[in-house]
Amino acid sequence: METHNPIFLAPGEGDKLAAVGVEIIFKARKHQTNGAWSLLEYTGPPQFQGPPPHYHKTMEEVFYVLEGSLTFMLDGQTLVCGAGGFVSIPPHHVHTFSNPNNAPARFLLLFSPGGFEGYFEEAGELVKTEGFPPKDPSKFVQLMEKYDTFLPTS
């Protein structure tokens with residue numbers, strides 16, 4: 001049985017990434033958990049529109065709101081999740097999230113299996129070359145699909 005080392009990070013510690021007003025702190029990466037999961041601390045700025053509606057074929061996405069609130073669209077329903085709230089989204093459920101409020105929203109974002117942190121790193125690089133919104137949206141679609149993220153078809 002493979003094991004991994006314990007992880008200890010003080011508040012604010014972890015590799016940081018910032019793009020389009022979003023701030024991410026990587027708390028645990030796939031290689032630190034034998035691929036089982038990844039964890040990010042994510043801050044969405046005020047009026048953050050979030051990603052387009054999407055689904056995952058194998059990945060489960062879990063949100064735990066620390067500060068502020070998030071608005072979710074989940075299988076056609078609108079749900080508001082405030083501080084202390086929890087949302088778990090299994091594979092194949094169409095969803096998105098946003099922060100339509102005038103204050104930042106800070107939350108933990110867990111992915112299982114791990115590895116989705118690579119999407120944020122590559123998307124940050126793509127924003128540098130393509131701008132935001134992107135000049136060539138197909139590059140973002142390809143990147144999303146590389147990381148098990150698919151746009152629903154009409």
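The side-chain contact (heavy atoms from CB on, under 4.5 Å) test with E41 is passed by exactly one of I25, L109, L9: I25.
Contact record, V94 with P53: CG1-CB, 4.0 Å, taken as the closest heavy-atom pair. The two residues P113 and G35 have their closest heavy-atom pair at CB-O, 3.5 Å. Nearest heavy-atom pair across A103 and P46 is C-CG, 3.7 Å. The shortest non-hydrogen separation linking K27 to A10 is NZ-O, 3.9 Å. Closest of all the heavy-atom pairs between F107 and V65 is CB-CA, 3.8 Å.
If you take CD on E125 and CG on L143, they are separated by 11.0 Å, rounding to the nearest 0.5 Å. The NE2 atom of H92 sits 9.5 Å away from the CZ atom of F150 when rounded to the nearest 0.5 Å. To the nearest 0.5 Å, the span separating OG1 on T43 from CZ on F48 amounts to 10.5 Å. If you take CD on E13 and CD1 on I7, they are separated by 12.5 Å, rounding to the nearest 0.5 Å.
Within a 6.0 Å sphere centred on CD of E145, heavy atoms belonging to other residues, nucleotides or ligands number more than 12.
Under the rule for a ring pair (Phe, Tyr, Trp, His ring centres under 6.0 Å), the partners of H54 that lie at least two apart in sequence or sit in another chain are H56, H95. With sequence neighbours excluded, the residues forming a ring pair (Phe, Tyr, Trp, His ring centres under 6.0 Å) with Y119 are F116, listed by chain and number.
By the 4.0 Å N-to-carboxylate-O rule, E23 lies too far from K16 to be salt-bridged with it.
In terms of modelled atom types and a separation under 3.5 Å, the side chain of N99 and the main chain of Q47 share no donor-acceptor contact. Checking side-chain atoms of T71 against main-chain N and O of S98 turns up no donor-acceptor pair under 3.5 Å. Counting only distance, with no hydrogens or angles, the side chain of D148 and the backbone of M59 share a donor-acceptor pair below 3.5 Å. For the pair N5 (side chain) and Q32 (backbone), a donor-acceptor distance under 3.5 Å is absent.
Residues D136 and E130 have side chains in contact (heavy-atom distance under 4.5 Å, counting atoms from C-beta outward).
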Exercise. Would S38 and E117 count as a side-chain hydrogen bond (donor to acceptor under 3.5 Å, both in side chains) if you check the C-alpha gap in whole Å, the side-chain angles of each, and the deciding distance to 0.1 Å?
Worked result: CA-CA 7 Å; S38 302; E117 65 273 19; 2.4 Å; yes
Problem set entry | F120 and Y42: CA distance, side-chain angles, deciding distance, side-chain contact (heavy atoms from CB on, under 4.5 Å) verdict | CA-CA 11 Å; F120 293 106; Y42 191 116; 3.8 Å; yes
Exercise. Passes side-chain contact (heavy atoms from CB on, under 4.5 Å), I89 versus E60? Steps please.
Worked result: CA-CA 6 Å; I89 304 171; E60 183 155 355; 5.9 Å; no
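Between F97 and F72, the angle of the ring planes lies from 30° to 60°, which puts this pair in the tilted group.
With a 4.5 Å cut-off between side-chain heavy atoms of Ile, Leu, Val, Met, Phe, Trp and Tyr, the cluster of F86 takes in W37, L39, V62, Y64, L66, L108, L110.
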